[in-house]
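Working notes, structure below.
For this chain, numbers begin at 1 and follow the sequence in order. Quick note: numbers below take in every heavy atom, side chains included, and nothing from hydrogens, waters or symmetry partners.
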Amino acid sequence: MTGSVPISIVVVSDDHYVILLAALIKSIEVNHTSKEPLHFYVIEDGVKDKTKRKLQASVNTETTTLFWIPMEAAAPSGIELPLDKSSWPLNIYMRLFISYFLPQNVERAIYLDVDMIVQKDISLLWNIDIQDKIIAAVTDSRIRTIDCRWGGVVNYKELNLQGSAKYFNTGLLMIDIKKWKDADITSKVLECIKVNKDFANFPDQYGLNVLLADHWLELDGLWNYFAEGDHTDPNIIHFMSTKPIYKSYNYNHHYQELFYHYLSQTPWNGENQISSSRIYYAKARNKVRKIMKKFFAKNVLIYPGH
């Protein structure tokens, strides 16, 4: 795949987290030394026009193209999303619809959480052979196996799954689009979450681990390395919990410095850390949005789609 075929990367962001996306994209650009163009498909959850222009001004147009897709256009018509009582935003489900909104000629895609920076050439990940698997991912360093009582698949026995099966983190996914479509993963995951909502602490991650228990390739853990660690040179650093833009950030400070190194090469250069109160505001907003959706749509979230 090395050469002119674009590397397709999917990310999801609201207006507040575009600052994270700017650093992520810049980190990929800086470390990308092979010749593939970079195509970023940005699922945007209420991103303002001025923010989009600011991000566009930060990218290297010789290598990078941004494709903006409104969240309401990413899912097919009539889709139903689980509306639980958690503070997780509805946009976490957008990774499930990659096979719907990407161009038909895209055969594979890399999904990345927006709270990451990439320290190696992304083409090294892009060119990994995922063999006969539907996805490739990294074992979650906090959960590891699906029988983890606080974050895994608590009802794994009822689902006839092996408790010792490895549990992957969905912050990074390499997806074979055709295999995903053929297996109807999107519909099955949504149904799985709906039926087992009382057990799905991390809803999309729960559903994907249930459905793909025997159909994912394990990648080197350095491709999704949590910022609480101390490895000197991870391939991808994932700021899983508190983000580096917050004053309350208390994980690896070298990783935080790396984040600001990339951010300094964007129009967000000079941005100061912000109060963590924004975190609580966002969580409260997410809960309210779900309550309103339930009230007006009777637990059905329907997008116009395409």
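- Lys243 places a side-chain N or O within 3.5 Å of a backbone atom of Ser241 that can act as its donor or acceptor partner.
- Side-chain contact check for Trp126 versus Ser8: some heavy-atom pair is nearer than 4.5 Å.
- Remark: side-chain polar atoms of Thr170 are not paired, donor with acceptor, to backbone N or O of Gln205 under 3.5 angstrom.
- Inter-residue side-chain proximity for Trp216 and Thr139 is flagged as met; some heavy-atom pair is nearer than 4.5 Å.
- Judged as a side-chain hydrogen bond (donor to acceptor under 3.5 Å, both in side chains), and not counting sequence neighbours, the contacts of Asn224 are Asn169, His238.
- The closest side-chain heavy-atom distance from Val106 to His39 is not below 4.5 Å.
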Worksheet entry | Verdict with supporting geometry, Glu228 and Tyr255, side-chain hydrogen bond (donor to acceptor under 3.5 Å, both in side chains) | CA-CA 9 Å; Glu228 61 191 28; Tyr255 297 164; over 6 Å; no
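- Between His32 and Asp121, the closest side-chain pair of non-hydrogen atoms falls below 4.5 Å.
- Atoms NZ and NZ, from Lys181 and Lys178 in turn, are 9.5 Å apart once rounded to the nearest 0.5 Å.
- Between the side chain of Ser27 and the backbone N or O of Val118, at least one donor-acceptor pair lies under 3.5 Å.
- Residues passing the salt bridge (Lys or Arg N to Asp or Glu O under 4.0 Å) test with Lys179 are Asp176, sequence neighbours excluded.
- Inter-residue side-chain proximity for Phe97 and Met94 is flagged as met; some heavy-atom pair is nearer than 4.5 Å.
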Contacts under 3.5 angstrom, residues 54-61 side chains, donor-acceptor by atom type, not counting sequence neighbours:
residue, atom, partner, partner atom, Å
Ser58, OG, Leu55, O, 2.7
Asn60, OD1, Glu62, N, 3.0

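- Distance alone, capped at 3.5 Å, places no donor-acceptor pair between the Asn235 side chain and the Lys120 backbone.
- A distance-only check finds a donor-acceptor pair linking the side chain of Gln273 to the backbone of Pro244 [under 3.5 Å].
- Between the Asn209 side chain and the Phe168 main chain, a donor and an acceptor come within less than 3.5 Å of each other.
- At distances below 3.5 Å, not a single donor-acceptor pair connects side-chain atoms of Asp204 with backbone N or O atoms of Tyr93.
- Looking at Asn201, its side chain does come within 3.5 Å of a backbone N or O of Trp150 through a donor-acceptor pair.
- Looking only at atom types and distance, the side chain of Asn31 has a donor-acceptor partner in the side chain of Tyr262 under 3.5 Å away.
- A donor-acceptor pair under 3.5 Å is formed between the side chain of Asp140 and the backbone N or O of Ile143.
- Using a distance-only test at 3.5 Å, with no hydrogens or angles considered, no donor-acceptor pair links the side chain of Tyr167 to the main chain of Cys148.
- Taking the charged nitrogens against the carboxylate oxygens, Glu29 and Lys26 do have a contact shorter than 4.0 Å, which makes a salt bridge.
- Ion pair Asp113/Arg95 flagged as a salt bridge, since at least one NZ, NE, NH1 or NH2 atom sits closer than 4.0 Å to an Asp/Glu carboxylate oxygen.
- Phe67 pairs in a ring pair (Phe, Tyr, Trp, His ring centres under 6.0 Å) with only one of the listed residues (Phe101, Tyr41, Phe40), which is Tyr41.
- With contacts defined as side-chain heavy-atom distances shorter than 4.5 Å, the pair Lys188/Glu191 does not qualify.
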